Amino acid sequence: MSRYAPLSRPAASPFLGQPAARPATSRTNQPRGRSFEPPADWWRRREAGSAARLVPVSGSGLARKEREGWSPRMRVDRGRAWCCGRTTDSALTDTGAAARTAGLCRRLINMGRRARDRRRQLQPQQRRERNGGGGDQAGWAGGYPEIVKENELFERYYREQRIVPDGEWDDFMAALREPLPATLRITGYKRYPEELAWHTNLSRKILRKSPQLERFHQFLVSETECGNISRQEAVSMIPPLLLNINPDHKILDMCAAPGSKTAQLIEMLHADMNVPFPKGFVIANDVDNKRCYLLVHQAKRLNSPCIMVVNHDASSIPNLQIDVDGRKEILFYDRILCDVPCSGDGTMRKNIDVWKKWTTQNSLQLHGLQLRIATRGVEQLAEGGRMVYSTCSLNPIENEAVIASLLEKSQGALELADVSSELPGLKRMPGITKWKVMLKDGQWFEEWKDVPSSRQTQIRPTMFPIKEEEKLKAMNLERCIRILPHHQNTGGFFVAVLIKKSPMPWNKRQPKVHQKSPEKTGDTEVTAANADDGSEDTTEKPTHDGDEESKKVQELQNSDAEQSKKGVCGPPPSKKMKLFGFKEDPFVFLPEDDPLFLPIQKFYALDPSFPKMNLLTRTQEGKKRQLYMVSKELRNVLLNNSEKMKVINTGIKVWSRNSDGEQFGCAFRLAQEGIYTLYPFIHARIINVCIEDVKILLTQENPFLSKFSSETQRKVKDMAMGSIVLKYEPDPEKPDDLQCPIVLCGWQGKTSLRAFVPKNERLHYLRMMGVEVFKAKRKEGEAEGKTEEEVQCRPTQTEQNMDVEDRECDAVTKMEAEMGEESSHSPLESSGMEIENKSEDSDQFSKNTNSHISQESKDINTNNMKD
């Protein structure tokens, strides 16, 4: 940034005050907006009469000019001029100098604006030139014409490893140089490709930029944001399918972000849509705090009360405890997805930076981390459980070497499952049993004994294949699955399915029940598994320092019990675990006698079976703005592990506070996010509407009651104002109408009826009813022009902030109560639907995740190139 230094004599500029006695200081060291005092003798160094000369000075040049006697009294920044001295009414007694200075400032500002406008005009042309000239070629180039898709070391390495069948190498390399087809998955739980997963031979670039595909692209973005489809790479869909999940399974996703596989796991839990609270749950973990919020965004689209996002290092994720009949037991998972960070050379078709950045050093650095994560995963796996290990890499150092090392040290506790009969349409290659290790300088090693001591920090014994034939044969490494890009036009991928037959040998016994308070038996005390260091050892320890040890343990457990009784699950104390990223609000469960719930229960006539103990908020003090719901099993996990894990998010929003709702009998209105979970328990304030009424509700902001059918008007007439449920039931005798039920949250006023539904969910329902919505979406599409993969989530779940939708509801309520609603009715055309429900959540969904993917491609060593 340029700085400008007008000169003026002291006699002509009294606003400077008395010259400072302290030495001159560089302008770059001055805090912004502060007064800067020039050198005490600066006026002696220059001739008189140069009062209004303006000279640009920047950086170190400024300090040099100060030494020469120039005074930085004025600067121009962001199109405005500030005086840096003390401002008084007689700031510039030399009016001529002031006028000349102001004129020069204006001219400089205008020059900057003109230069900025010229740059903006040139940007589209420069972008077209970078993309290769325009047209289809620009789309297929994907914006990376400067990256040559050649890497001699890559070809040499994989030719030597023989991962590609003879005669297919040219096809393999040709496929890697082609852009990756765009794929999508329809929300569901059945296996693919039973018409639930689709792909097109168009790249993501063409889908975003082609005018002919604008309607299709907007459909994809809108449906993705409301959770009906997921944009996910085809091979990325395989690991969750091989887990064989049932609704009662406890599932751990160890490296979950960005979350497309986690979404699959949630869908499988909810295979039976008639069961609002499955017995199983998903704990999704990621070590990166910022990526956890991307994970939250993905999970929130599915509106499940059975998902919890946590922030931990997967290689040392703590053991969790659950309460079983008054006893605390270690939580073991029925299914674990271990999709570890990898070098990502299987993603070269979409992450083109890999071509120029690929070296063998990436895999050598990641091998140890991958092995530690996989080891920690099998430790937490229940006996008979299944863990899927996967990478988007083709390198055997990251794949078969990790699996072989894990099987070897398990001593028969693990076995590779034969999944050749599963996913019969999938073209796959078996795992390899022979490979070599290469350094980035091209030096090969076939055995550990050949590695010189100077290289033994880079290369480890676990990177080499097993030499004993019998042991190697017993491992059945050929049961691993390798996906090659040219076989079915996909990315490269590796999958291995492990089954745990018995406890790991380094654990003397499987952790069992442990009492809430320690039980002394002689000189020993049975303690829980060490959750802090992630170990599974629960052997009995002598208590030679008996009294002090037991007092400390007792105090800690008493504090845990007291906090659990209050229903508060806050972040762990700083002494137990360092917190990174944003500070999370606590999770506070409503007590049984909380007066907040009684008006809600009465107003909505909730069923006695409603699990009110599963309601929670995110604040301990002040008014509760939102109420969230979790499953019974996740509540158990939260209450018993508040000090062992950092929970980023859990639960779905079911009620939101309406500041003026108390006068209508209930201070909380229903939230569309959780309506399908709540609906089975609600027995009052339900209005059945016809298909035409639904169209009015979804296309007009606040329609008069007179616009609805006579049947709807009759039902509303005797109902008090406030939050309502609008239910559409399909008529089998009218096959041309929409044949799936719809449940909407609404608000009944004195003379109007409106729906509180997120924008993209509105568009989804209207599409199903055959209403044209393309024009309504087009205006926003020009401003957005982005895809679902480019969303970069920020932490937005705080109790102190009501979203815009809540404030809209409050404003409408006030107008209805004070002015009889006459001023609040402005029927909208279908092209104006974007006005409705610009809530904080739906605003989040209108952003993009490609910046996250590009960030992954820039740092292959540390980020996971998946999904």
Side-chain angles (χ1 to χ4, degrees), residues 140 142 147-181 183 193 199-201 203 233-238 342-352 354-356 358-360 362-363 390-401 403-404 416 418-438 440 442-446 463-466 469 472-473 475-496 865:
W140 284 106
I147 296 180
V148 179
K149 296 181 180 179
E150 298 287 344
N151 190 308
E152 183 179 352
L153 188 64
F154 174 87
E155 295 191 39
R156 177 187 170 193
Y157 181 77
Y158 282 116
R159 276 183 183 273
E160 188 70 22
Q161 300 289 15
R162 304 183 65 85
I163 65 167
V164 180
D166 295 338
E168 298 183 15
W169 180 260
D170 292 340
D171 295 337
F172 169 74
M173 292 302 299
L176 285 177
R177 295 186 177 99
E178 291 293 326
L180 187 69
T183 55
H199 89 277
T200 172
N201 288 325
S203 68
E233 190 178 346
V235 290
S236 176
M237 304 177 191
I238 296 173
C342 63
S343 61
D345 55 18
T347 67
M348 300 177 90
R349 301 182 67 176
K350 67 175 182 180
N351 296 314
I352 310 179
V354 178
W355 282 99
K356 64 177 183 180
W358 187 93
T359 70
T360 57
N362 300 333
S363 58
S390 62
T391 72
C392 48
S393 170
L394 301 171
N395 201 321
I397 307 301
E398 303 176 61
N399 298 331
E400 285 89 352
I403 297 299
L416 270 172
D418 184 2
V419 292
S420 58
S421 60
E422 301 183 32
L423 304 178
L426 179 66
K427 297 178 181 178
R428 66 194 89 185
M429 293 293 295
I432 62 177
T433 57
K434 302 293 182 183
W435 62 88
K436 295 187 288 186
V437 179
M438 185 177 78
K440 63 179 181 180
Q443 186 178 2
W444 289 96
F445 300 99
E446 294 189 10
M463 298 179 182
F464 293 91
I466 304 298
E469 289 296 332
L472 182 63
K473 185 176 180 181
M475 289 182 179
N476 297 311
L477 290 180
E478 67 278 358
R479 292 181 177 177
C480 298
I481 296 176
R482 282 183 163 270
I483 309 295
L484 298 181
H486 64 289
H487 283 168
Q488 47 212 340
N489 198 16
T490 64
F493 213 72
F494 175 87
V495 185
M865 309 270 209

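Source: prediction; values computed, not measured.
In this structure, K434 and P396 have side chains that are not in contact, with every pair of non-hydrogen atoms separated by 4.5 Å or more. Looking at E150 and R177, their side chains come closer than 4.5 Å, going by heavy atoms from C-beta outward. Side-chain contact between R482 and I432 is present, with at least one heavy-atom pair separated by less than 4.5 Å. Under the 4.5 Å side-chain criterion, counting only non-hydrogen atoms from C-beta, L416 is in contact with C480. Residues T433 and M475 form no side-chain contact, since every pair of their non-hydrogen atoms from C-beta on lies 4.5 Å or further apart. With a 4.5 Å cut-off on side-chain heavy atoms, W435 and I163 do not count as touching.
Using a 4.0 Å cut-off between charged nitrogen and carboxylate oxygen, E400 and R479 do not count as a salt-bridge pair. No salt bridge links R428 with E422; every basic N to acidic carboxylate O contact stays at or beyond 4.0 Å.
Looking at T360, its side chain does come within 3.5 Å of a backbone N or O of K440 through a donor-acceptor pair. Under the 3.5 Å distance criterion, the side-chain polar atoms of E398 are left unmatched by any main-chain donor or acceptor of C342. Side-chain atoms of E478 do not come within 3.5 Å of backbone N or O of P430 as any donor-acceptor pair.
Closest heavy-atom contact between L153 and T359: CD2-CA, 4.4 Å. When all heavy atoms of R156 and G442 are compared, the pair lying nearest together is NH2-O, 3.0 Å. In this structure, F493 and S390 approach most closely via the heavy-atom pair CE2-CB, 3.8 Å. Between G491 and V235, the closest heavy-atom pair is O-CG1, 3.6 Å. The two residues V419 and I481 have their closest heavy-atom pair at CG2-CD1, 3.6 Å. For A496 against I403, the heavy-atom pair with the smallest separation is CB-CD1, 3.8 Å.
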Would you please test W444 and Y157 for ring-ring contact (aromatic ring centres under 6.0 Å, His included) and show each step? CA-CA 10 Å; W444 289 96; Y157 181 77; 5.7 Å; yes
- side-chain contact (heavy atoms from CB on, under 4.5 Å) between E178 and N489, worked out: CA-CA 9 Å; E178 291 293 326; N489 198 16; 5.8 Å; no
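Remark: P165 pairs with E168, M429, L484 by the side-chain contact (heavy atoms from CB on, under 4.5 Å) rule, at least two apart or across chains. Taking the ring pair (Phe, Tyr, Trp, His ring centres under 6.0 Å) definition, one finds that F494 meets it with nothing, sequence neighbours left out. For E160, the side chain to side chain donor-acceptor pair (under 3.5 Å) partners at least two apart in sequence or on another chain are K436. Scored by the ring pair (Phe, Tyr, Trp, His ring centres under 6.0 Å) test, F464 finds no partners at all (sequence neighbours excluded). Not a single side chain to side chain donor-acceptor pair (under 3.5 Å) links T490 to another residue, sequence neighbours left out. When the side chain to side chain donor-acceptor pair (under 3.5 Å) test is applied to R162, the partners found at least two apart in sequence or on another chain are D166.
Between M348 atom CE and L180 atom CG the span is 13.0 Å, to the nearest 0.5 Å. A distance of 7.0 Å separates CG in L423 from CD1 in I238, rounded to the nearest 0.5 Å. Note that OG of S343 and CG of L394 are 8.0 Å apart. Values are rounded to the nearest 0.5 Å. Here the straight-line distance linking atom CG of N476 with atom NZ of K473 works out to 9.5 Å at 0.5 Å rounding. Between the CD1 atom in I483 and the OG atom in S236 there is a gap of 12.0 Å [rounded to 0.5 Å].
For N395 and S393, the side-chain atoms include no donor-acceptor pair closer than 3.5 Å.
Taking the six-membered ring for Trp and thresholds of 30 and 60 degrees, W358 and F154 have ring planes more than 60 degrees apart, a perpendicular arrangement.
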